[in-house]
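Along the sequence shown, the residues carry numbers beginning at 1. The structure displayed is predicted, hence computed values, not measured ones.
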Amino acid sequence: CNVFFANSRFSLLRVLWESFIAPFAPVTFWHVIVADYMTSLAKAFSDLQLTACVSYHIFNDRPEAGYVRSTELWHESYMTCADTTWNALFLALPFWWRLMQCLKVYSVTGEIKNLCNAAKYSTAFPLVYAGYLRRHSPSPFYDHLFILAAITQSTFCLIWDVHMDWGLFRPQGNGFACCGA
């Protein structure tokens with residue numbers, strides 16, 4: 001019984017699983033697209049972990065004391081849950097999966113561009129760690145470290161997107177292509 005396009009849903013689940021176990025699984029265009037979407041959802045993964053943690057604390061750590069506003073319950077548990085290694089891990093996982101895919105493709109093809117792409121995804125880890133340190137132990141040093149990591153990661157992604165994904169400023173014959181020329 002093909003209810004709600006079950007074949008497509010199972011195909012997506014299989015690709016997700018294979019993305020999770022990269023570099024031990026094949027990496028096809030479909031795997032790359034799904035993993036790229038997951039990197040776009042990294043903050044949503046972090047928020048999902050945060051919501052699960054806060055919900056756990058609300059339902060399990062509160063004695064029966066009558067009605068308490070949900071916003072008060074949320075604020076009681078928020079910092080405990082936001083300041084965990086799990087939150088940082090959920091934020092970094094999609095980038096880890098994509099990094100592993102890039103390394104798998106490099107091991108198969110030997111193309112240097114895959115190492116550069118892997119380096120792009122690896123710049124997310126210092127940013128996540130600096131954000132964790134900044135939240136865990138606020139200080140001007142960690143603020144500066146976070147800003148440096150954010151500038152590095154954003155610059156690398158911008159250069160990669162403009163040059164590799166959009167094809168701007170690539171060598172074309174005797175000159176460079178600019179703006180699709």
*Asks:* How many angstroms lie between atom CG of Leu168 and atom NE2 of His163, to the nearest 0.5 angstrom?
*Replies:* 9.5 Å
*Asks:* Counting C-beta onward and ignoring hydrogens, is there a side-chain heavy-atom pair between Tyr132 and Val128 closer than 4.5 Å?
*Replies:* no
*Asks:* Roughly how far apart are Cys116 SG and Glu111 CD, rounded to 0.5 Å?
*Replies:* 11.0 Å
*Asks:* Tell me whether Leu12 shares a hydrophobic cluster with Phe29, the cluster being built from Ile, Leu, Val, Met, Phe, Trp, Tyr side chains joined at under 4.5 Å.
*Replies:* no
*Asks:* Count the heavy atoms belonging to other residues, nucleotides or ligands that lie under 6.0 Å from CH2 of Trp30, then report whether that count exceeds 12.
*Replies:* no
*Asks:* When the ring planes of Phe95 and Tyr121 are compared, do they come out parallel, tilted or perpendicular, using 30° and 60° as the limits?
*Replies:* tilted
*Asks:* For atom CH2 of Trp96, is the number of surrounding heavy atoms from other residues, nucleotides or ligands below 6.0 Å larger than 12?
*Replies:* no
*Asks:* Taking Ile21 as the starting point, is it possible to reach Leu99 by hopping between hydrophobic residues whose side chains are less than 4.5 Å apart?
*Replies:* yes
*Asks:* Measure the spacing between CG of Leu93 and OG of Ser19 and express it to the nearest 0.5 Å.
*Replies:* 12.5 Å
*Asks:* Does the side chain of Leu103 come within less than 4.5 Å of Leu115's, by heavy atoms?
*Replies:* yes
*Asks:* Is any side-chain heavy atom of Tyr129 closer than 4.5 Å to one of Phe125?
*Replies:* no
*Asks:* Treating Ile, Leu, Val, Met, Phe, Trp and Tyr as nodes and any side-chain heavy-atom pair under 4.5 angstrom as an edge, say whether Val34 and Phe45 lie in one connected cluster.
*Replies:* yes
*Asks:* Identify the two heavy atoms, one from Lys104 and one from Ala25, that lie closest to each other, and give their separation to 0.1 Å.
*Replies:* CE-O, 3.6 Å
*Asks:* Please say which of Thr155, Val162, Asp161 ends up in a side-chain contact (heavy atoms from CB on, under 4.5 Å) with Leu158.
*Replies:* Val162
*Asks:* With the 4.5 Å side-chain cut-off for hydrophobic clustering, are Leu133 and Leu127 part of the same group?
*Replies:* no
*Asks:* If you compare all heavy atoms of Lys120 against all heavy atoms of Cys157, which two are closest, and at what distance to 0.1 Å?
*Replies:* CG-SG, 3.8 Å
*Asks:* Between Asn114 and Cys102, is there a donor-acceptor pair closer than 3.5 Å when you use the side chain of the first and the backbone of the second?
*Replies:* no
*Asks:* Are the side chain of Gln101 and the backbone N or O of His31 linked by a donor-acceptor pair below 3.5 Å?
*Replies:* yes
*Asks:* With heavy-atom distances below 4.5 Å as the criterion, would you say the side chains of Arg98 and Asn117 are in contact?
*Replies:* yes
*Asks:* Would you check if the side chain of Ser55 reaches a backbone N or O of Ala52 as a donor-acceptor pair within less than 3.5 Å?
*Replies:* no
*Asks:* How far does OG1 of Thr28 sit from CD of Glu18, to the nearest 0.5 angstrom?
*Replies:* 7.5 Å
*Asks:* Measure across Ala130 and Phe146 and return the closest heavy-atom pair with its distance rounded to 0.1 Å.
*Replies:* CB-CA, 3.7 Å
*Asks:* Taking the side chain as everything from C-beta on, heavy atoms only, tell me whether Trp86 gets closer than 4.5 Å to Leu50.
*Replies:* no
*Asks:* If I take atom OG1 from residue Thr71 and atom CD from residue Glu76, how far apart are they, to the nearest 0.5 angstrom?
*Replies:* 10.0 Å
*Asks:* In the structure I gave you, are the side-chain heavy atoms of Ser11 and Arg14 within less than 4.5 Å of one another anywhere?
*Replies:* yes
*Asks:* What is the distance from atom OH of Tyr37 to atom CD1 of Ile33, rounded to the nearest 0.5 Å?
*Replies:* 5.5 Å
*Asks:* Could you check whether atom CZ of Phe20 has more than 12 heavy atoms from other residues, nucleotides or ligands sitting under 6.0 Å from it?
*Replies:* yes
*Asks:* With a 4.5 Å cut-off on side-chain heavy-atom distances among I, L, V, M, F, W and Y, is there a chain of contacts connecting Tyr78 to Leu73?
*Replies:* yes
*Asks:* Taking atom NE2 of His144 as the centre, report whether more than 12 heavy atoms of other residues, nucleotides or ligands fall under 6.0 Å from it.
*Replies:* no
*Asks:* If you look at every heavy atom in Tyr142 and Ser137, which pair is closest and at what distance?
*Replies:* CD1-O, 2.9 Å
*Asks:* With heavy-atom distances below 4.5 Å as the criterion, would you say the side chains of Leu16 and Met38 are in contact?
*Replies:* yes
